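Working notes, structure below.
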Amino acid sequence: MTAPALSRTWTGRLRARAEQALPPEQLLPDHQPVYVASWIYVFGVLTLAAFIVVLVSGGVLALKGPQWWHRSSTGHYFNSLHLWSVELFMAFMVIHLWGKFFMAAWRGRRAMTWITGAVCFLGSIGTAFTGYLVQSNLDSQWISTQAKDGLNSAGVGAFFNVLDFGQMLMWHIVLLPLVVGFVIGIHILQVRRRGVVPPMEIDPRDLVAQNVTS
Amino acid sequence: MTTGVTKWAGRTREYDLVKEFVVALVVVSVLTVALAAVFSSPDEKQITISTWSRGAPNDFVLTAATELDGTSGTATYGAPYNHTPDAAQKIGPVSLQHIAGVTHPIDTVADFVVGPLTGVPADAALAAALAQWQGAAAGQQQKWASGYDDALSKATDNDPAQVKSGDYGPVPVMLTRLLTMAQSGGLDGALLAQKQFFATDYTKPLLFIADGSYLEDRARAQHLGGDQWGMMNETGNYPGQAWLWLYTFWYQVKPFSTSGNADALVWGLMALLSLALVLVPFIPGVRSIPRWVPIHRLIWRDYYRGIRT
């Protein structure tokens with residue numbers, strides 16, 4: 001029996017490209033270099049876990065509508081879950097980011113991993129900010145009327161109106177989570193593709209030079 | 001393209017990524033459930049134009065007078081609400097605010113006062129006042145409105161009942177009826193529902209409320225003022241948006257704290273710093289900081305110890 005010829009279809013080429021970039025043992029490895037042994041490594045996965053809790057708690061709030069949490073104790077509790085999961089998400093992400101900075105984790109062709117992580121951090125700030133705008137209480141009234149001045153001064157307020165509850169709700173529950181989720185996905189794939197950055201001072205015997213097709 | 005790179009060829013150890021993720025998810029879920037149960041979340045009740053006009057009627061009427069004579073914050077704001085000359089903030093000679101243009105046009109006289117009042121039924125005195133207002137020349141309207149705004153500003157406690165007598169035309173009747181409409185809740189609906197039944201855009205009611213001092217007084221009582229690091233705080237004793245500390249910091253220090261272009265300058269600076277964060281791997285000096293600060297020795301101390309031995 002002969003092996004099937006390499007497909008020349010777009011689908012076949014995409015599959016071949018994906019398998020080359022991320023073979024299964026690299027996508028989900030069950031071993032890591034010995035230097036991956038510090039508590040700082042935990043904060044990346046903690047950030048991802050908190051993101052899942054943010055999505056689930058926010059999803060329940062979305063199911064019941066934006067006013068539910070004001071009139072129901074159950075709704076208020078889910079709002080609290082959403083708030084605290086966001087606080088944890090941001091705290092874990094900031095620690096993760098500082099950790100990666102002091103590891104100079106962009107070394108060894110890992111610049112895109114850093115860039116997607118930084119974009120994810122900035123996008124998360126925007127997503128959290130729009131969340132504060134759609135609380136529909138005194139806090140959101142004050143934050144929106146203050147924030148409009150900054151956004152208007154930069155010309156952004158002309159199309160991103162923080163006083164428009166409907167527009168901000170759409171940004172908060174659809175557009176920004178999609179962007180942040182997508183960038184997180186790219187970030188994780190970059191980590192798996194390039195591997196965990198090695199220490200700055202390294203035993204030369206632990207490395208081999210290779211010709212790697214980019 | 002092939003590129004010479006190095007790949008790890010040293011010792012490895014078993015590392016269960018899936019198990020790590022599941023444990024992290026359980027830990028974060030339990031932590032979130034506990035924090036939510038113990039600390040809950042703040043929900044300071046919103047204010048409406050109705051609660052504002054009943055809680056501080058003098059502030060409401062004074063604000064409405066500034067909307068009518070064109071001296072309120074919104075009336076003099078510039079883009080994106082109106083074309084007030086030289087109102088837009090600048091970074092040097094560039095005004096992005098002006099370039100973006102007027103995309104949410106607001107005429108405070110028509111949108112906040114005259115328009116809502118024309119919807120009030122069966123009020124002969126109001127109908128006569130509106131007819132007098134609309135039949136007058138623009139100069140006369142401005143004279144009446146400015147005169148009344150000035151007199152109200154000087155009255156004891158800005159109380160309309162204490163305004164000295166003068167020729168204010170139909171303005172006192174219009175603003176008295178607007179106060180009545182606001183206290184009944186009618187103005188909330190009128191500002192929100194202009195031209196449509198379904199509405200989610202609170203631009204007009206929020207701008208009107210923000211032109212008064214009632215909202216700011218409530219916010220300052222909750223330590224949310226601009227000079228109280230307000231943008232990163234939230235009502236009650238909660239962490240708020242602590243990640244906005246750097247953005248909020250600039251507003252507390254000169255030259256930003258005293259500049260008329262503070263918002264534009266802070267946004268410009270934060271845009272630059274954000275870009276710098278994204279591009280850290282390519283910025284000489286900044287990308288070398290981790291080598292000078294030996295935190296990496298702490299992170300990889302076990303590996304480094306192994307090299308030495």
Side-chain angles (χ1 to χ4, degrees), chain A residues 31-35 37-38 40 45-46 49-50 52-53 77 79-81 83-85 87-88 90 102-104 106 109 111 114-115 118-119 122 125 128 137-139 141-142 145-146 149-150 152-155 157-158 161 163-166 198-200 203 206-214, chain B residues 1-15 20-21 24-25 28-29 32 35-36 40-41 43-46 80 89 96-97 99-101 103-104 200-203 206 210 218-219 224 231 234-235 239 241 243 263-264 267 274 277-278 281 290 293 295-296 299-300 302-303 307:
Chain A
H31 281 72
Q32 289 291 334
V34 286
Y35 59 77
S38 167
I40 198 67
V45 73
L46 281 173
I52 302 296
V53 180
Y77 183 69
N79 181 74
S80 305
L81 288 175
L83 168 74
W84 286 106
S85 58
E87 295 286 351
L88 290 174
M90 295 301 291
F102 285 112
M103 294 156 85
W106 50 81
R109 294 161 51 85
W114 172 271
I115 289 171
V119 169
L122 297 173
I125 288 177
N137 57 15
L138 177 70
D139 207 19
Q141 286 180 310
W142 179 250
T145 52
Q146 294 300 294
D149 296 332
N152 288 340
S153 75
N161 181 11
L163 305 179
D164 186 336
F165 172 78
M200 292 187 206
D203 186 336
D206 286 337
L207 291 177
V208 290
Q210 288 191 334
N211 280 333
V212 175
T213 304
S214 62
Chain B
M1 186 173 93
T2 58
T3 310
V5 296
T6 53
K7 189 177 179 185
W8 180 256
R11 285 177 298 128
T12 62
R13 68 189 187 93
E14 195 174 82
Y15 201 108
E20 183 188 51
F21 174 73
L25 188 58
V28 173
S29 299
T32 305
L35 285 167
S40 187
S41 54
D43 189 18
E44 192 71 24
K45 197 171 172 54
Q46 63 194 298
Q89 294 193 29
L96 295 174
Q97 183 174 356
I99 292 168
T103 53
H104 302 91
T200 59
D201 184 356
Y202 288 79
T203 302
L206 276 172
R218 288 280 306 276
L224 298 176
M231 276 301 293
E234 73 182 305
T235 54
Q241 300 180 81
W243 44 89
D263 294 305
W267 268 76
S274 298
L277 174 70
V278 171
V293 182
I295 291 179
H296 65 95
I299 294 171
W300 289 308
D302 291 341
Y303 177 78
I307 294 179

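Every chain is numbered from 1, with letters handed out A, B, ... down the list of sequences. Here the structure is a predicted model, which is why all the values come from computation and not from measurement. Both backbone and side-chain heavy atoms feed into the values below; hydrogens, waters and symmetry mates do not.
Looking at A:I40, the atoms closer than 4.5 Å to chain B (heavy atoms on both sides) all sit in the side chain, from C-beta outward. Interface remark: A:L81 contributes backbone and side-chain atoms alike to the contact with chain B (heavy atom separation under 4.5 Å). Proximity to chain B (any heavy atom under 4.5 Å) is restricted, for A:T145, to the side chain, taken from C-beta onward. For B:Y303, the part lying under 4.5 angstrom from a heavy atom of chain A is the side chain only. Using a 4.5 Å cut-off between heavy atoms, B:I99 does not touch chain A at all. Proximity to chain B (any heavy atom under 4.5 Å) is restricted, for A:L88, to the side chain, taken from C-beta onward.
Smallest separation of non-hydrogen atoms from B:E44 and A:N137: O-CB, 3.1 Å.
With sequence neighbours left out, A:N79 forms a side-chain hydrogen bond (donor to acceptor under 3.5 Å, both in side chains) with B:S41.
Put simply, of B:Q89, B:Q241, B:H296, B:E14, the one with the most heavy-atom pairs under 4.5 Å next to chain A is B:Q241. With chain B as the partner, the residue from A:G150, A:G155, A:A118, A:A37 showing the most heavy-atom pairs under 4.5 Å is A:G150. Ranked by heavy-atom pairs under 4.5 Å with chain A, the list B:T103, B:D302, B:V293 is led by B:T103. No other option in B:S274, B:A219, B:S40, B:A210 has as many heavy-atom pairs under 4.5 Å with chain A as B:S40. When each of B:H104, B:Q97, B:R218, B:K45 is scored by its heavy-atom pairs under 4.5 Å with chain A, the top score falls to B:Q97. Per-residue counts of heavy-atom pairs under 4.5 Å with chain B were compared for A:A104, A:A111, A:A158, A:P198; the largest is that of A:A158.
At a threshold of 4.5 Å between non-hydrogen side-chain atoms, the residues B:W267 and A:D149 do not count as touching. With a 4.5 Å cut-off on side-chain heavy atoms, B:Y202 and A:Q141 do not count as touching. B:Y15 is listed as a side-chain neighbour of B:E20, based on a closest heavy-atom distance under 4.5 Å. The shortest distance between side-chain heavy atoms of A:V53 and B:L25 falls below 4.5 Å.
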ask   = B:T235 and B:D43: side-chain contact (heavy atoms from CB on, under 4.5 Å), yes or no, with the steps?
value = CA-CA 8 Å; B:T235 54; B:D43 189 18; over 6 Å; no
request  = Quick one: do A:Y35 and B:R11 satisfy side-chain contact (heavy atoms from CB on, under 4.5 Å)? Show the steps, please.
outcome  = CA-CA 9 Å; A:Y35 59 77; B:R11 285 177 298 128; over 6 Å; no
